[in-house]
Amino acid sequence: MDTVYSVGELESFLVALTVLFIGRIICHYVAILKKYNIPEPIVGGLVVAIVITVLKMRGIELSFALPLQDTLMLMFFATIGLAANYKLLIKGGRKVFVFLAIASLYIVLQNGLGVVLATLLGLEPMMGLFAGSITLSGGHGTGAAWSQIFADEYNIQTLEFAMATATFGLVMGGIIGGPVGQRLINKKNLESPFSKGKSHHKTHPDLVTYSRKEEDLVTPTSVIEVLFLLLVCVVMAKIAKGLETELALSWLKMPDFVYALFFGVLIANASEFSGRYEINHECVDLLGTLSLSLFLSMALMSLRLWEIFDLALPLLIILLCQTIMIALFASYVSYRFMGGGYDSAVIAGGHCGFGLGATPTAVMNMSALVSRNGPSPPAFMVVPIVGAFFIDIVNLIVLQTYISFLS
């Protein structure tokens, strides 16, 4: 029986920061990681997760206390909302629906590949859905929810498979997104319309880059003001989610981070229309990058890698095939149909993130790309909106269709 050691909140937060430093150091000295923009939280998180897994194999299990993890995620999505004034929404509106169509097509193909391979490898065909969009596009939460449904309605126990496939997808989505996007940028000689560099805010003060290298001119007052707005979005998101539960709006099932993004959009556009207050976009950029980095480091240091070791070989084969398919699809379909330019390459890297993992993974991939190659505002508008909200609705419809056909 494992001996469980509980790590306190302060110590756990220190480990989360250490994850970022480990990732930065490794990426700096390992040329291939730097060349292909493998995100620092992924690298540092995997190192820490491997150490924790080795300890687990020796009978020692660490339990981290990370109460700020969900708050940091909500803060990040709130920054996306605060950066989305109505001018940008109008400009990027068409691209949102084009990318939604592309991502929807991919979900159909993702489940089709999962079901076909599961059948060929002697597994229950419905298990292919858990190696498809249930976990790879849906994530851990969606996987847990569908596992309960499958257990109740079909007497198929899938929770362990769901958690393992979601973990695999989260890791691989973060690993392949940067190389896919960077390959397209290098091969096509693509450049950001804002160029490379660290001082974009000097010429474009309203630009939100989500680049870790950006030089932000901020003051304590401006940071406090934007932090206040972000926490308003977080609190309102939690209230909205609570009302959804209290009023039994089971048909809605809106993720809380979508509410945070929505309230951010409301505040940004109310400010824009009224002209009474100007949001400091450099602070939005700073706090958005900070909250995303910390959230992902916390998520990755908590990975239970040993669950992947328990996967059956057939399921591992399916997951590897899914990884190859999203890399090819993003390179040849997402990139081309999104216009074939620099923004499209960044979006392709992001699609690898939420096609295998989750929306924060997608944004992390894009953040790594823009830190090296220059800003891409359309990518940070299109991918989070589709990945955070619309794709969940499409995923539900596609899954119900597959289940009706298979049952």
Side-chain angles (χ1 to χ4, degrees), residues 9-10 12-21 23-24 39-42 44-45 64-84 139 170 174 201 207-216 218 220 222-238 241 255-265 267-268 279-302 350 353-354 357-371 375 377 379-381 383-385 387-388:
E9 295 179 7
L10 185 61
S12 297
F13 191 79
L14 181 60
V15 173
L17 291 172
T18 304
V19 165
L20 297 178
F21 291 131
R24 181 188 301 176
E40 294 169 4
I42 283 286
F64 294 104
L66 300 166
L68 290 178
Q69 182 174 337
D70 290 340
T71 299
L72 289 166
M73 179 186 69
L74 295 178
M75 285 176 60
F76 165 70
F77 280 100
T79 65
I80 294 177
L82 289 179
L170 188 67
H201 288 148
L207 183 66
V208 178
T209 65
Y210 291 109
S211 169
R212 300 183 305 276
K213 300 178 180 179
E214 188 66 44
E215 293 180 357
D216 297 306
V218 300
S222 59
V223 170
I224 290 173
E225 289 176 356
V226 173
L227 182 60
F228 171 78
L229 296 178
L230 295 181
L231 292 180
V232 167
C233 293
V234 170
V235 172
M236 293 301 294
K238 291 183 176 295
K241 188 64 179 178
D256 51 3
F257 58 80
V258 175
Y259 286 119
L261 189 154
F262 173 73
F263 285 115
V265 171
I267 292 174
I279 297 174
N280 188 311
H281 289 281
E282 294 184 59
C283 286
V284 173
D285 202 343
L286 174 69
L287 293 174
T289 304
L290 177 65
S291 57
L292 175 64
S293 298
L294 286 173
F295 162 70
L296 286 169
S297 68
M298 290 178 180
L300 289 162
M301 67 190 250
S302 302
F354 86 75
T359 304
T361 310
V363 178
M364 176 182 61
N365 289 345
M366 296 191 299
S367 177
L369 288 168
V370 300
S371 292
F380 283 87
M381 178 63 60
V383 173
I385 289 177

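Keep in mind the model is a prediction, meaning the values are calculated, not measured. All residue numbers in this chain count up from 1 along the given sequence.
- The line from OG1 of Thr79 to CZ of Phe380 is 10.0 Å long, rounded to the nearest 0.5 Å.
- Heavy atoms only, all atoms of each residue included: Ser222 and Asn280 are closest at CB-ND2, 3.5 Å.
- By the 4.5 Å heavy-atom criterion applied to side chains, Val234 and Lys238 are counted as neighbours.
- The minimum heavy-atom distance linking Ala260 with Ala237 is given by the pair N-CB, 3.6 Å.
- Minimum heavy-atom separation, Leu72 to Ser291: O-CB, 3.6 Å.
- Among all heavy-atom pairs drawn from Cys233 and Ile267, the shortest one is SG-CD1, 3.7 Å.
- With rounding to the nearest 0.5 Å, the separation of CE in Met75 from CG in Leu231 is 5.5 Å.
- Interatomic distance, Glu225 CD to Leu230 CG, rounded to the nearest 0.5 Å: 12.0 Å.
- The shortest distance between side-chain heavy atoms of Val370 and Pro375 does not fall below 4.5 Å.
- Rounding to the nearest 0.5 Å gives a distance of 12.0 Å between CZ of Phe76 and CG of Leu290.
- Residues Met298 and Leu68 approach most closely at SD-C, 4.4 Å, considering heavy atoms.
- The CG atom of Asn365 sits 7.0 Å away from the CG atom of Leu369 when rounded to the nearest 0.5 Å.
- Without hydrogens or angle criteria, Ser297 side chain to Leu294 main chain gives a donor-acceptor distance under 3.5 Å.
- Considering every non-hydrogen atom in both Leu287 and Leu227, the closest pair reads CD1-N, 3.9 Å.
- Side-chain contact between Val383 and Met366: present, with at least one pair of heavy atoms (C-beta onward) separated by less than 4.5 Å.
- Distance alone, capped at 3.5 Å, places no donor-acceptor pair between the Ser367 side chain and the Val363 backbone.
- At least one side-chain heavy atom of Pro41 sits less than 4.5 Å from a side-chain heavy atom of Met364.
- At least one donor-acceptor pair under 3.5 Å links the side chain of Ser12 to the backbone N or O of Ala65.
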